[in-house]
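Before I ask anything, let me first share the structure, which is written out below as structure tokens.
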Amino acid sequence: MSYARPQTLTEAIRLLAGSQIRLLAGGTDLYPATQSAALSGPILDLADIAELNGITPWNGGLRIGATTSWSTIAEAPLPPALRALQQAALQVGGRQIQNAGTIGGNLCNASPAADGVPPLLVLDARVELAGPLGRRDLPLAAFLTGPRRTARAPDEIVTAIFIPEQSLAGHSSFLKLGARAYLVISIAMVAARLTLAADGRIARAALAVGACGPVATRLAALEPALTGLTPAQAAQSITPETLSPPLAPIDDIRATAAYRLESAAELLRRALLDCAP
Amino acid sequence: MTRFILNGTPRHCDSPPTRRLSDVLREDLGLTGTKVGCDAGDCGACTVLIDGRATCACLTPAARAEGRHIQTVEAQTPELTRLRAAFLRHGAAQCGICTPGMLMAAAELIARNPAPTEAEAEAAIGGVLCRCTGYRKILAAICDATDAPAPSLPQGRATGQPIPRLDGAEKVAGDLFGADVLPENACVLKAIRSPHPHAAFTFGDLAAYAARPGIAAVFTAADIPGRNAFGVIPPFADQPALAESPARFRGEAVALVAFAPGHDPATDDFPITWQPLPALTDPDAALQAAHPLHPGRPDNILVQGLVRKGDSATAMDRAAHVVSAEITTAFVEHAYIEPEAGAAWLEGETLCIRACTQAPVMDRDETAAILALPPDRIRILPSAVGGGFGSKLDLSLQPLLGLAALRLRRPVRMVYSRAESMASTTKRHPARMRGRIGCDAQGIVTALEFDGTFDTGAYASWGPTVANRVPVHVTGPYHTPHVTAIARAVHTHNPVSGAFRGFGVPQAAIWQETAYDRLADRLGLDRLEFRLRNALRDGQSSATGQVLQATGIAPCLTALRPHWRRALAEASGQPGRGVGLASCWYGCGNTSLPNPSTIRIGITARGELVLHQGATDIGQGSNTVIAQIAADALGLPVGQIRLIGPDTALTPDAGKTSASRQTFVTGRAALAAGAELRAAILRRANASDAARLSLDGPLLAVTEGATRHEIALAGLPPDDMGYVLMAEASYDPPTAPLDENGQGRPYALYGYGAQMVELSVDPALGTVRLHRITAAHDLGLAINPLLATGQIEGGIAQGIGLALMEEYLPGRTENLHDYLIPTAGDVPPITSLLIEVPDPEGPFGAKGLGEHVLIPTAPAILNAIRHATGAEITQLPALPHRILAAMRAARP
């Protein structure tokens with residue numbers, strides 16, 4: 001078994017090329033997946049690569065390094081548009097998980113119930129990857145290609161999440177529904193971000209729902225219809241029928257599909273009202 | 001080589017870089033205070049501080065410790081010192097398995113915020129699961145982590161005093177559980193388990209597998225020298241330690257591999273071929289099945305319990321009001337944070353097994369039968385037990401440890417993974433219950449008919465007890481003249497259902513107490529007053545015809561009355577607000593069977609007062625409560641007692657920790673032993689019982705009025721155990737068998753209680769928010785009010801789980817993130833009202849409490865949900881989607 005902990009991204013990409021090496025970020029998904037005392041196979045530990053860690057200004061927007069922990073995100077002074085992300089950060093497992101788990105790992109694990117995804121979708125976040133051919137970035141929705149599947153090539157590393165400048169506008173809210181208070185795996189979760197005009201009406205709305213389909217979904221078709229409404233009017237317009245499609249929830253041990261759709265609608269209504277500054 | 005600062009000292013380790021830090025701390029550095037409950041970040045037991053931040057050591061690669069400051073529960077820091085004292089003051093540690101994780105999570109908080117609010121404390125420990133305490137005392141301790149010392153023990157009377165637990169110092173230091181004593185050079189055992197509920201299997205080349213490097217031996221059923229069938233009730237013993245084909249449930253052990261120390265215990269390519277067979281997973285189908293799982297149990301009925309009193313059919317016909325009710329419950333997992341663990345070794349020809357258990361003597365005798373050894377060749381040394389709740393009454397890894405240690409003649413150890421623990425050990429019986437309750441026009445209950453099918457799974461375990469306890473208790477603590485109650489335990493290929501806090505009574509209470517609410521509504525009567533009208537009174541007889549004494553239910557309901565009226569007034573007119581109530585009663589000790597306890601207490605020549613306390617303390621507090629009783633019976637301060645045991649070589653048999661029997665039964669034995677020793681001392685001094693004793697080193701003084709008599713202990717001849725004064729006494733509760741109609745005196749003593757729940761139901765989501773629970777429990781005499789309220793809060797937390805979130809599904813919820821138990825945010829403030837109606841049979845009047853406290857919670861929650869919304873829940877757990885659907889169904 002080999003273990004590498006490079007100091008630079010260049011070195012990491014070099015080690016990754018053509019190898020079967022697995023990337024280790026916070027470890028909060030890799031370790032639970034094994035019963036063994038150690039991880040099996042070669043491991044590339046991203047912990048020491050400084051440029052992957054931290055929140056910095058970027059082109060008028062923000063760059064969140066891929067190995068930034070959830071507690072760093074929760075504790076950072078960020079604009080109200082990122083409130084949903086910070087609310088989600090405080091609901092990723094307990095504090096122990098938030099101290100270790102990373103935003104990039106959350107995206108790469110690509111759980112349909114990943115807490116980080118809906119808040120990033122309403123921020124029009126982009127995912128930056130670096131590989132032997134250089135860097136590329138793509139919208140988060142394009143990065144997540146299915147449950148436990150992403151557009152990351154085997155020789156690429158997710159390096160950062162970009163929040164574009166225009167996404168820093170407005171206020172956002174994140175709501176998560178489960179059967180207990182902490183350590184919740186969602187029945188449904190939503191994020192909303194509203195930019196309001198001077199008259200208090202919605203200038204721009206962004207809505208996303210998680211745990212109600214194979215991947216979390218932006219409600220792009222629904223959003224334009226909310227423009228010009230007050231948040232209260234917008235909330236009233238959301239019904240389960242307006243959500244299906246695009247949502248395609250399933251029955252499982254936590255809830256029925258019909259309940260998921262209904263609760264997603266209700267959570268969206270509440271999130272819209274919660275977005276008002 | 002990884003170098004780091006561990007608890008202030010530079011340390012290093014040479015370990016695979018991605019090895020879990022928890023493993024390195026425990027195995028290489030010998031710091032076993034960091035506990036492992038799941039290896040998945042779901043329970044938080046392994047929380048350590050890395051550069052001051054709470055982190056799960058089980059998810060941390062060893063290499064990441066490089067250059068960091070690591071703090072574990074073994075650290076001596078101002079924060080931990082304050083927290084430890086506060087945990088002791090508040091009774092915040094019960095079994096102690098979550099305590100290190102709780103302490104470390106709290107230490108992170110109070111290092112940056114020395115005076116946190118309750119909400120801040122809650123968020124800090126939201127990621128650490130506790131199954132014993134209900135979290136309230138932990139939160140209180142974190143918010144009160146001052147420099148105040150732990151309280152001192154009383155010099156005078158000990159019973160009735162809220163003294164901190166006598167074994168508390170170990171709990172807040174990181175106690176030694178089953179996985180925490182690692183014999184030198186021990187082989188590591190792993191079981192091969194069935195991945196199917198029912199499957200034939202054949203082994204490949206076991207000899208070749210066993211010859212591989214690193215493998216010390218492989219064992220199968222063919223290696224079991226004795227009777228390969230165990231079971232807590234000997235006539236029903238049917239469960240193999242290692243199964244022969246076919247396996248009868250998912251998780252059943254079929255082979256055991258012993259790995260030499262230092263080798264990766266991976267069993268992925270164990271040579272076995274499985275052939276899945278049709279599985280009976282539905283008890284109704286099992287009742288119709290042509291071929292039963294076990295010969296001699298036709299229709300898969302293990303036991304059918306019956307109580308018949310009066311003429312329920314006629315009484316039901318004549319009743320002014322009758323409600324029918326039907327309700328089903330799920331498999332519930334005990335979810336103690338300590339997975340089964342232990343070690344075994346030989347001392348001469350004695351096989352020593354140190355493991356977590358609730359029943360050391362039963363373990364010894366059952367393991368002896370499996371290994372064809374005389375019982376005195378086996379010594380059971382119970383470890384600290386990280387929660388039991390009934391499941392650790394049954395054998396789990398004891399025969400496997402014993403077999404391997406005997407055959408290899410070297411030490412062995414074994415730790416179940418979380419998945420293995422959940423798949424292979426017992427569960428609460430899922431119940432399908434239906435029946436009717438009738439009353440007259442004045443609201444006096446006249447008749448009850450009940451039929452319950454309890455899925456007892458693949459083997460007997462405690463199924464017979466459940467089938468017999470349910471009909472006895474299904475009336476609740478209410479006078480019911482005409483009763484027909486049947487409960488049958490039915491075999492399926494599901495997990496083995498066994499003992500879980502209440503032996504089926506919690507399920508039956510859900511059925512009965514929710515029906516009572518509907519009956520009260522039918523009558524237009526206040527739900528509490530309806531219950532009070534029917535509450536059992538002294539001199540009335542139960543469904544088994546037993547005339548009762550010291551009935552505490554009416555005092556409990558009366559104590560709740562002002563809270564009830566206040567809560568109803570507050571909820572009135574508030575949409576979604578609801579108040580619910582439910583009662584319990586529970587017979588303490590075995591049902592119509594002997595269950596004696598014996599206690600020994602001695603004084604050495606040096607003046608040491610030693611209590612051989614064999615009642616396994618699984619967190620409930622018998623180490624403290626039995627000592628309090630013994631101290632007062634003897635008349636010496638409890639702080640002078642040194643505890644020994646439980647250990648089958650050192651302590652007489654105090655029976656099993658089950659059936660809420662230890663305070664009562666072992667307490668009576670302690671009372672008798674203490675009194676006997678006192679009488680012997682008084683005889684020597686020719687003093688009366690009014691005399692006062694004091695023990696000061698080797699001088700035992702007996703003072704009566706102005707007369708002081710001194711006994712020089714050094715001058716007395718020691719017995720072969722080294723005691724110069726010693727007494728040993730037993731107690732067995734007086735019961736009588738039940739006849740063919742279930743009539744008789746099944747228990748010598750009953751405890752009673754009632755709980756009230758205030759909650760809100762979200763009208764659009766069906767989610768429940770609990771606001772407050774008020775619990776009135778009659779425990780005869782609260783020997784230790786601090787521990788008693790701890791039991792109440794912990795039982796309520798488990799009742800909340802039973803009502804709202806817990807459902808074990810084999811293969812689906814074999815971990816602690818899919819199987820949900822309440823977290824620190826799920827248990828509301830609890831007000832405990834300790835009611836004391838002394839029972840002449842109990843020690844100082846005391847009754848049992850441990851199981852009672854769980855019984856009313858779930859039905860009280862369901863009744864509050866119905867009060868809030870009209871929703872009648874017929875399938876547990878009441879998950880949000882089920883509540884919402886029931887709310888819709890209730891709308892006119």
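Everything numeric in this text was worked out from a predicted model, so none of it was measured. Chain letters run A, B, ... following the sequence lines, proteins first, then strands; residues in each count from 1. Computed over heavy atoms, backbone and side chain alike; hydrogens, waters and symmetry mates excluded.
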Does CZ belonging to Arg148(A) count more than 12 external heavy atoms closer than 6.0 Å? yes
Answer yes or no: is there a side-chain heavy-atom contact under 4.5 Å between Arg5(A) and Glu66(B)? yes
In terms of heavy-atom pairs under 4.5 Å with chain A, which of Leu59(B), Leu884(B), Asp818(B) leads? Leu59(B)
Backbone N/O of Gln35(A) and side chain of Asp39(B): donor-acceptor pair under 3.5 Å: no
Counting heavy-atom pairs under 4.5 Å with chain A, which one of Glu420(B), Arg64(B), His817(B) comes out on top? Arg64(B)
With a 4.5 Å cut-off on heavy-atom pairs, point out which of Ile800(B), Val24(B), Val48(B), Ile821(B) contacts chain A the most. Ile821(B)
Note: Ala54(B) and Asn99(A) closest approach over all heavy atoms is O-ND2, 2.7 Å
Given a strict heavy-atom distance threshold of 4.5 Å, which part of Glu122(B) is in contact with chain A: side chain, backbone, both, or neither? both
Could you go step by step and tell me if Leu129(B) and Leu183(A) meet the side-chain contact (heavy atoms from CB on, under 4.5 Å) rule? CA-CA 10 Å; Leu129(B) 296 178; Leu183(A) 308 177; 3.9 Å; yes
Under 3.5 Å donor-acceptor, Arg20(B) side chain and Ser36(A) backbone: yes
When Ile43(A), Leu30(A), Thr34(A), Asp45(A) are each screened for side-chain contact (heavy atoms from CB on, under 4.5 Å) with Thr18(B), the one that passes is Ile43(A)
If we define contacts as heavy-atom pairs under 4.5 Å, which of Pro880(B), Gly825(B), Cys56(B) has the most with chain A? Pro880(B)
Restricting to non-hydrogen atoms, name the atom on Met805(B) and the atom on Ala179(A) that form the minimum distance, rounded to 0.1 Å. CE-O, 3.6 Å
What pair of heavy atoms forms the shortest contact from Gly41(B) to Ile97(A), and how long is it? O-CD1, 3.8 Å
Ignoring hydrogens, what is the shortest heavy-atom contact between Leu24(A) and Pro61(B)? Give both atom names and the distance. CD2-CG, 3.6 Å
Checking the side chain of Tyr259(A) only, and the main-chain atoms of Leu765(B) only, is there a donor and an acceptor separated by less than 3.5 Å? yes
Whatever's closer than 4.5 Å to a heavy atom in chain B on Ile253(A) counts as both
Can you find a side-chain donor-acceptor pair between Thr55(B) and Gln96(A) that sits under 3.5 Å? no
Locate the shortest heavy-atom distance separating Arg180(A) from Leu816(B); write the atom from each residue and the value. NH2-O, 3.4 Å
Closest non-hydrogen contact found for Tyr3(A) with Ala63(B) is OH-CB, 3.4 Å
Given Ser71(A), Ala47(A), Ala258(A), the one with more heavy-atom pairs under 4.5 angstrom with chain B than any other is Ala47(A)
Relative to chain B, which of Arg269(A), Glu266(A), Arg270(A) shows the most heavy atom pairs under 4.5 Å? Arg270(A)
Quick check on the interface: out of Gly94(A), Gly178(A), Pro32(A), who has the most heavy-atom pairs with chain B under 4.5 Å? Pro32(A)
Side-chain donor/acceptor of Arg254(A) to backbone N/O of Leu879(B), under 3.5 Å: no
Output yes when Arg112(B) and Glu75(A) qualify as a salt bridge under the 4.0 Å nitrogen-oxygen rule, no when they do not. no
